[in-house]
A.B. asks: 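Provided herewith is a single structure, encoded as C-alpha cells, for subsequent inquiry.
All figures in this text were calculated on a predicted structure; none of them were measured in a lab. Position 1 is the first residue of the sequence, and the numbers go up from there. One-based numbering, in listed order, for ligands and for the atoms of each.
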Amino acid sequence: MMGRRKGTWLVACVLATVAFWTSGVPGSPEQSESSVVTAAPGDIVHLPCYSEGSVMPSGARWLKDGIEVEPGGGGQPRVQVLSDGSLHFPRVAEGDEGVYRCEATLPGNMTWRARVLLQVASGPENVSLAIVPSTVLPNGTLVAHRGSSVSFHCAAVSYPSQSLAWSFAGTLVDAAGGTPLASAPSAPWLDFRVKDVQPEAQGFYMCLANNTLTHVVAGTSAQLLVYYASDRHPECSWLQSSDPTWVHFNCAWPGCYPDPELRWSQIGDEEAEQGRVLASEATSVLRVSLNRSLLAGGQTLRCAGHHSALAAGREAACSFTLEAPRPHVSPLMWAQEGNSVTLACSESASVPPAITTWSRVAEGAALAPGPKYALSRDGATYSLTIANVSRDDVGTYFCRSENALALRRAEVYLSVTAASDYTGVIVGIFVAALIVGLAAVTARLLFANRHRICLGRPFGSSDGDTGDVLSLVDSDEEQIFQAVPRLPPVTDPHPTTLVQVHRLPSGERENTGNPEAREEPPDLVTL
Ligand SMILES: *[C@@H]1O[C@H](CO)[C@@H](O)[C@H](O)[C@H]1NC(C)=O
Ligand SMILES: *[C@@H]1O[C@H](CO)[C@@H](O)[C@H](O)[C@H]1NC(C)=O
Ligand SMILES: *[C@@H]1O[C@H](CO)[C@@H](O)[C@H](O)[C@H]1NC(C)=O
C-alpha cells in the first residue's frame, strides 16, 4: 500500500527535566528540588520526592494546588505514596496534571521539599483524512473528477490540544514541506473546499497534527488524481495503405486523463446496434487495418470512447459509412484535331476517398502527366487534358476510381474531327445559313408585296393605284376593317382594290389548298 501513507508518531514517554539546586550548605534543615514529569494517559508515573543517597525519609506527604493528595484506600488506589516518599500513579489520567509539592522528613529532623510539575499529554492520534467526493483506486489513490467541488477533511486527537495544517505537493517526497493550504492553531478538525477542481490540483495532500504541549507531530497523506475526459468527440480518420485493398482506420481521442477506452466496431445493415467489435483498448489512439474482404458499402465503422469522467453510461463516438467509388463522366466527347480537350471525371461518393486516375486501357497503367497529358484536380473533379489532339487519340478513356472497398471504372469515348472536316462543316453551315437567310429575305419581300404580286398584273400599269394599295396593306387588320365602312364615299376608280386587300388572306389560304384559286380572278371581276 503505497498510495496512502499514514504515519502516526505517538509520544508516550516521560520527560523529566530536573532542575536541582540546594540551598545552603549540606546539613541545613531545608533542602528542595524541582522537576517536570510528562506522561501520557494510562502511563505508570512516579513523582520523585527525595532521591539523595540511600537514606529513606521517615515520612512524606504530597500536596496538589495546596491540597493534600489523599492516597486511595482499598481496591485499586489511584495514587500511592511509596516508602521512598515518591508519589505513584498506577495509571495517570487526563486531569492529573498540575504542580505537586512534597514534604519529606529526613533523619535529623530535617525537612525536604520537592516541587514536581506533572504534565499529561497524548497524541496526535487517529489522524484521519477524507477527500469527498472521490473514488479509491486499488492502490489507495483517490480520484476526483475535473470541475467537481471537493472537500478536504482532516481530524486528529491530541491532549491537551493540537494544531492542524494542510499542505500540498506534487510528489510524496515533497509533501511534508509542501505548499501550506490551511491551518488551525487549536482545533479537533480542519476542513477546506476546492470549488472547481482542476488537473493542477492533482498531487499529494498531507494533513499534519502537532501536539501543542509536546510538539509531537503526526500526519497522514493521500494522493489525489483529477480525471477528465475531453470536451470534444473522438476523431475518426483513415489512412490508405500502399496496397489499395487495405485501409487503416484511426480513432483519436486526445485530451483525456487517464487514457480512454476506445473501441472500433463494424455495423452492417443486418447487425445489431453495437455491431462487431474490431478492437478495444485503453489508449488515446486506436488503429484497425481492414481489407476488401471484410468491407462492404453501407457498413458503418464506429469508434466509441468510454471514460470514467463521462457521466455514467455516456460515451463519445465518431463514425462513418463506407461507400464504394462511383466515378462519373460524360460518355462522349468531341475534339478537333490539333486542339486540346479536357475529360472530366467526378468522384465524390467514395468513403474512404478513392484514388482516381485516368487510363487508356481498362486494366492499364494510369496516364502520367507530360507534354501530351495534363492531370488536374478541382475538388471532386479529376480532369485529363489531352494536348494537340490527333486521330491517334480517338477511343475510350477510363476514369478508374479505387478505394479499399472496390475498383470502379467509367468510360469516355473521344471522337476527333479533322481540321478539314471542320472547315467543311463551317462552310456547310455558312451556306445553309445563307440559303435560309435568303429565303427569309425573299419571304419577307414576298409578304410585303403580296398584293402587288397578286394584283400587279391587272393594275400594275398605274403608279397611283399602287400607292393606295400599299398604304392600306401596311395598316393592320383592325385598321383595314375600320376603313371598310368609309369605302362608299371614296370615289376611287378602283374600289375593288380595297375589297381585294381585305380578302387577300383567305385568297392566300386558298392558294395553298387549291392551286386553281390562284388563277381565279373572278373575285376581281365580280367586283
Ligand atoms: C496508483 O494508481 C494510479 C493509477 O493506476 C497511478 O496513476 C498512481 O501513480 C498510483 N499511485 C501510487 C502511489 O502508486
Ligand atoms: C483480409 O483479412 C483477413 C483477416 O485479416 C485475412 O484472413 C484475409 O486473408 C485478408 N485477405 C487479403 C486478400 O489480404
Ligand atoms: C501536333 O501533332 C502533330 C502530329 O500529330 C505534330 O506534327 C505537331 O507538330 C504537333 N503540334 C504541336 C504544337 O505540338
A.B. asks: Does any N or O atom in Gln223 lie less than 3.5 angstrom from one in ligand 1, N or O only?
C.D. replies: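 In this structure, Gln223 places an N or O atom under 3.5 Å from an N or O of ligand 1.
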A.B. asks: Does atom 2 (O) of ligand 2 have a protein non-hydrogen atom under 4.0 Å from it?
C.D. replies: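 Yes; the ligand atom in question has protein heavy-atom contact below 4.0 Å.
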A.B. asks: Between Phe249 and Phe320, how do the two ring planes meet: parallel, tilted or perpendicular, split at 30° and 60°?
C.D. replies: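 Rings of Phe249 and Phe320: tilted, 30 to 60°.
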A.B. asks: For the residue pair Tyr205 and Phe168, categorise the inter-ring angle as parallel (less than 30°), tilted (30 to 60°) or perpendicular (more than 60°).
C.D. replies: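 Tyr205 vs Phe168 ring planes: tilted.
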A.B. asks: Does Tyr397 have Arg360 sitting over its ring (NZ/CZ under 6.0 Å from centre, angle to axis within 45°)?
C.D. replies: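 Ring-cation test returns yes.
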A.B. asks: Write out the residue and atom name of the closest protein heavy atom to atom 5 (O) of ligand 3, then the distance separating them to 0.1 Å.
C.D. replies: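 In this structure, atom 5 (O) of ligand 3 has Ser390 CB, 4.0 Å as its nearest protein heavy atom.
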A.B. asks: Is there a polar contact between ligand 1 and Tyr227, counting only N or O atoms under 3.5 Å apart?
C.D. replies: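 N/O-N/O distance below 3.5 Å does not exist for this pair.
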A.B. asks: Among all the protein's non-hydrogen atoms, which is closest to atom 4 (C) of ligand 2, and how far away is it?
C.D. replies: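 Here the closest protein heavy atom is Leu294 CD1, 4.2 Å.
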A.B. asks: If you define the side chain from C-beta out and look only at heavy atoms, does anything of Pro199 sit under 4.5 Å from Tyr257?
C.D. replies: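 The answer is no; the side chains never approach within 4.5 Å.
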A.B. asks: Considering only protein heavy atoms, which is closest to atom 6 (C) of ligand 3, and at what distance to one decimal place?
C.D. replies: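 Looking at atom 6 (C) of ligand 3, the protein heavy atom closest to it is Asn388 ND2, 4.1 Å.
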A.B. asks: Give the atoms of ligand 1, by number and element, whose distance to some non-hydrogen atom of Asn139 is under 4.0 Å.
C.D. replies: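 Heavy-atom distances to Asn139 below 4.0 Å select 1 (C), 2 (O), 3 (C), 8 (C), 10 (C), 11 (N), 12 (C), 14 (O).
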A.B. asks: If the cut-off is 4.0 Å to any non-hydrogen atom of Asn291, which atoms of ligand 2 fall inside it?
C.D. replies: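 Numbered from 1, ligand 2 contributes 1 (C), 2 (O), 3 (C), 8 (C), 10 (C), 11 (N), 12 (C), 14 (O).
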A.B. asks: Would you check if there is a donor-acceptor pair between the side chains of Ser161 and Thr212 at a distance under 3.5 Å?
C.D. replies: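 Yes, a side-chain donor-acceptor pair sits under 3.5 Å.
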A.B. asks: Quick one: which ligand 1 atoms are inside 4.0 Å of a heavy atom on Thr141?
C.D. replies: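 The atoms of ligand 1 under 4.0 Å from a heavy atom of Thr141 are 1 (C), 10 (C), 11 (N).
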A.B. asks: Suppose I only count heavy atoms of Leu137 and a 4.0 Å limit; which atoms of ligand 1 are within that range?
C.D. replies: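 Once the distances to Leu137 are compared, the set is 2 (O), 3 (C), 4 (C).
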A.B. asks: Looking only at the side chains, is there a donor atom on one of Thr141 and Asn139 sitting less than 3.5 Å from an acceptor on the other?
C.D. replies: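 Short answer, yes.
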A.B. asks: I'd like to check atom 11 (N) of ligand 2 in this structure: does the protein have a heavy atom lying under 4.0 Å from it?
C.D. replies: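 Yes, there is one.
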A.B. asks: Can you tell whether the side chains of Glu402 and Arg292 come within less than 4.0 Å, N to carboxylate O?
C.D. replies: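 A salt bridge is present here (some side-chain N lies under 4.0 Å from a carboxylate O).
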A.B. asks: Quick check: Tyr100 with Phe89 (ring centres under 6.0 Å apart)?
C.D. replies: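 Yes, close enough.
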